[in-house]
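Just so we're on the same page: letters track the sequence lines, and every chain starts at 1.
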Number of protein chains: 4
Amino acid sequence: MSRLDKKQALLNTALTLFVSQGFHATSTASIAKQAGVATGTLFHHFSSKDELMKQLFLTIKQEFADAIKAQLSQQGDLKADTKHLWQVAIDWAIANPLKQEFFQQYSMSPSIPTAIRQQAMNDILSFMGELILQGQKTGELADYPLSLMQESCHGQYLAATRYFLDHPDMWQDEAHKQASFSMFWNAMKA
Amino acid sequence: MSRLDKKQALLNTALTLFVSQGFHATSTASIAKQAGVATGTLFHHFSSKDELMKQLFLTIKQEFADAIKAQLSQQGDLKADTKHLWQVAIDWAIANPLKQEFFQQYSMSPSIPTAIRQQAMNDILSFMGELILQGQKTGELADYPLSLMQESCHGQYLAATRYFLDHPDMWQDEAHKQASFSMFWNAMKA
Amino acid sequence: MSRLDKKQALLNTALTLFVSQGFHATSTASIAKQAGVATGTLFHHFSSKDELMKQLFLTIKQEFADAIKAQLSQQGDLKADTKHLWQVAIDWAIANPLKQEFFQQYSMSPSIPTAIRQQAMNDILSFMGELILQGQKTGELADYPLSLMQESCHGQYLAATRYFLDHPDMWQDEAHKQASFSMFWNAMKA
Amino acid sequence: MSRLDKKQALLNTALTLFVSQGFHATSTASIAKQAGVATGTLFHHFSSKDELMKQLFLTIKQEFADAIKAQLSQQGDLKADTKHLWQVAIDWAIANPLKQEFFQQYSMSPSIPTAIRQQAMNDILSFMGELILQGQKTGELADYPLSLMQESCHGQYLAATRYFLDHPDMWQDEAHKQASFSMFWNAMKA
DNA sequence: CATGAATGAGGGTTCATTCAT
DNA sequence: TATGAATGAACCCTCATTCAT
């Protein structure tokens with residue numbers, strides 16, 4: 001196993017264990033063992049357990065952001081673009097259930113320093129922020145306070161992924177898919 | 001301090017510390033100390049730290065449910081009744097910020113056994129479930145799958161309280177208050 | 001329940017629990033509970049857990065000594081008298097299995113202060129000491145060092161009771177009964 | 001100090017402390033400290049205090065068995081062979097007083113799981129079992145039930161070692177030595 | 001860079017004992 | 001005398017982290 005493979009194995013294992021047992025209930029020794037490396041090796045790649053958590057969080061956030069950005073559609077039709085974004089985002093969650101659960105659990109947990117969590121949330125929500133501002137300009141979206149709308153979007157997204165992760169086959173059903181987007185869109189529309 | 005006072009002091013202190021530091025980062029010794037009792041006393045009232053957590057969770061859930069139930073309005077106008085419920089629920093969150101934050105942090109955390117969390121969520125969401133079914137019968141609400149709508153309601157509620165706890169004076173502002181309800185209602189309405 | 005009843009209930013319960021779980025693994029709270037009294041009550045009757053143990057040990061030793069003394073036969077035939085003593089002693093062990101096991105466990109354990117244990121052993125072995133001296137005078141018993149013979153007697157007694165407590169119906173069998181005594185007597189005889 | 005040295009130091013220290021203070025009265029911290037290692041180190045070598053006790057018990061039992069086996073004499077003269085065995089066994093006890101006391105204290109104590117104790121006793125007593133059967137075949141030994149005889153042998157051995165450990169110089173005295181064996185042998189002989 | 005034995009502070013929990021009622 | 005809640009020292013054990021190999 002190469003250097004980077006080991007680092008990646010540690011991140012993957014940490015993800016699995018943090019999600020299933022929680023951060024504090026997962027020992028660094030168990031991460032190393034399950035990743036197939038020695039205890040000490042973990043500390044060559046991450047200066048501390050907290051640092052491992054932080055890198056894991058930021059890595060996953062970046063993966064998500066990259067996945068979304070890579071597929072953004074900009075056809076000029078706001079509703080269509082938003083629907084596309086909604087589908088891409090939920091597709092990602094369903095394709096990466098562990099990572100999505102990780103967000104559900106840790107995006108408001110004190111196991112990750114507040115500053116890091118908030119910066120990450122801002123980065124991600126800025127996507128939506130721009131779409132919302134644009135929609136408000138054209139009158140398609142309601143003129144509510146921006147950060148309230150962002151928070152609401154985030155909440156709807158978490159709710160929808162919670163639902164579809166619990167009922168994965170429902171995401172194949174057009175009615176459910178459409179319903180989830182309708183709720184999201186109608187909440188914001190003018 | 002009487003027997004029940006001590007138990008209550010322990011619950012209150014645990015709430016504060018669990019929210020600010022997290023469950024695992026809070027030692028039973030620190031809870032006892034800050035509650036003004038001896039270490040051993042905690043274990044007279046709660047057989048373990050996990051049991052304390054569980055009781056705290058269930059107590060707060062019950063308090064919330066009782067507060068809502070006590071003020072339910074049933075005037076026959078669904079939208080008005082729902083708006084009233086929305087306000088009562090957010091009022092409670094703002095009046096009990098620690099307890100609300102506690103829910104934000106722990107309602108998806110492995111620090112509380114899954115069965116307990118889910119039972120509590122079901123109890124609370126059954127409120128909304130009934131309102132939704134009623135609205136679907138009269139045609140006022142959209143005919144989306146019930147549990148998807150419940151999850152969405154829950155998500156919107158968490159998002160709104162997150163926003164208003166971060167900006168407490170905004171809840172005094174009619175525009176914000178109205179906006180938050182509009183998003184909630186429009187998401188569901190037919 | 002009267003005062004003495006409670007004290008006796010505590011001693012009885014302590015006996016049962018000390019034998020089945022060991023001294024340190026038995027909490028004073030569990031003794032009190034199973035005896036049907038409050039925690040504090042134990043400390044009205046015994047100044048400490050160690051004191052309870054000491055009184056239990058001395059009480060049982062006295063019961064044993066009294067039972068033996070009450071049935072001593074002094075017919076002038078040393079072997080017959082000794083056989084009678086042997087049978088009485090083993091009868092007592094079989095009639096009081098918990099107390100016998102208590103001795104097996106605690107007569108060499110640091111849970112009871114050395115001085116107390118040794119005094120008790122001396123008291124009990126002095127029975128045998130007299131019989132042995134008498135037999136040596138008449139030439140019926142071998143002229144081995146007295147305390148070595150006493151220790152051997154004690155060892156044989158513990159071994160025999162261990163055997164018959166493990167196989168209680170064997171004590172009804174004449175052959176086994178006779179065999180156990182033969183080993184005891186032949187070891188000492190001239 | 002090497003890895004195995006540390007494990008051995010822990011076993012040695014545990015032996016000393018368990019014998020002098022008892023199992024429960026000896027803290028793992030005190031064992032580690034007196035062995036010259038850190039608290040945690042004890043738990044690298046033994047998964048729990050109970051496991052340490054178990055390994056200690058089995059190790060000592062094995063040492064005893066090995067010491068005896070290494071010196072067994074098989075000259076065909078049963079009495080001579082048995083006398084040799086008796087001397088070797090008591091020599092071992094006198095050369096290893098702590099280990100012998102450990103057996104006296106713990107071979108009937110609930111501090112060691114019953115299954116382990118019994119297995120160990122069976123292993124050790126099987127020596128004697130074979131000798132006895134052989135003697136019964138040739139008519140040199142009495143035809144008593146085997147397990148009763150084994151129990152008796154064990155009892156005599158414990159009694160003799162108790163005596164000689166309390167009076168160590170007596171083991172140099174031919175008369176005492178001979179007396180102890182005579183009692184042992186006469187108990188069993190036909 | 002990789003290893004895993006060693007560390008020791010700190011955690012949850014127990015329990016003999018006390019004392020106000 | 002009887003009670004049982006309260007006490008807090010002491011216990012067993014865990015674990016993030018270090019470092020000699």
Fill in the blank from the handout: Atom NZ of C:K49 and atom C1' of E:dA16 are separated, to the nearest Å, by 8 Å
Handout entry: Verdict with supporting geometry, B:D123 and B:Q119, side-chain hydrogen bond (donor to acceptor under 3.5 Å, both in side chains)
Key = CA-CA 6 Å; B:D123 283 4; B:Q119 180 56 46; 2.8 Å; yes
Practice task
Return the 5'-most residue of the pair B:F43, D:H45 with respect to DNA chain E, ranking by each residue's nearest nucleotide.
Solution key: D:H45
Problem - Spacing of B:E51 atom CD relative to E:dT14 atom P, expressed in whole Å - result: 13 Å
Practice task
Would you indicate, yes or no, if E:dT7 has its OP1 or OP2 atom less than 4.0 angstrom from a side-chain nitrogen or oxygen of D:K6?
Solution key: yes
Handout entry: Any donor-acceptor N or O pair under 3.5 Å, side chains C:Q62, C:D66
Key = yes
Handout entry: Atom-to-atom span, CE of D:M53 to P of F:dC12 - whole angstrom
Key = 12 Å
Practice task
Check whether any side-chain N or O of A:S27 sits under 4.0 Å from OP1 or OP2 of F:dT14, and answer yes or no.
Solution key: no
Practice task
Compare side-chain N and O positions of C:T28 against OP1 and OP2 of E:dC15 and report whether any pair is under 4.0 Å apart.
Solution key: no
Practice task
Whole angstrom is fine here: how far is it from CG in C:L10 over to P in F:dT1?
Solution key: 14 Å
Exercise for the section: Look at all strands and tell whether D:T26 reaches a base, only sugar-phosphate, or nothing, counting heavy atoms closer than 4.0 Å. Expected result: sugar-phosphate
Practice task
Considering just the side-chain nitrogens and oxygens of D:T39, establish if one lies under 4.0 Å of OP1 or OP2 belonging to E:dG8.
Solution key: no
Handout entry: Base F:dA6 paired with B:H44 side chain (donor-acceptor, <3.5 Å)
Key = yes
Practice task
Quick one: do A:L56 and A:Y106 satisfy side-chain contact (heavy atoms from CB on, under 4.5 Å)? Show the steps, please.
Solution key: CA-CA 11 Å; A:L56 182 57; A:Y106 293 102; over 6 Å; no
Completion exercise
5'-most contact on DNA chain E (nearest-nucleotide basis), B:A29 vs D:T41, goes to D:T41
Fill in the blank from the handout: When rounded to whole Å, the CG to C1' distance for the pair D:L42 and F:dT14 reads 13 Å
Handout entry: Interatomic distance, D:D5 CG vs E:dA5 P [rounded to whole Å]
Key = 15 Å
Exercise for the section: Anything under 30° is parallel, anything over 60° is perpendicular, the rest tilted; go ahead and classify B:F57 against B:F102. Expected result: tilted
Handout entry: Side-chain donor-acceptor contact under 3.5 Å, A:Q55 with A:K7
Key = yes
Problem - Row check, C:F103 ring normal vs C:K61 NZ/CZ: under 6.0 Å, within 45° - result: no
Exercise for the section: Take the protein atom CG of D:L17 and the nucleotide atom P of F:dC12, then report the distance between them rounded to whole Å. Expected result: 12 Å
Handout entry: Interatomic distance, B:H24 NE2 vs E:dG10 C1' [rounded to whole Å]
Key = 14 Å
Practice task
Map every base of DNA chain F to its dot-bracket character, where paired means a Watson-Crick or G-U wobble contact with both distances under 3.5 Å and | marks a partner outside the strand.
Solution key: .||||||||||||||||||||
Problem - Under 3.5 Å side-chain donor-acceptor pair for A:N12 and A:Q8 - result: yes
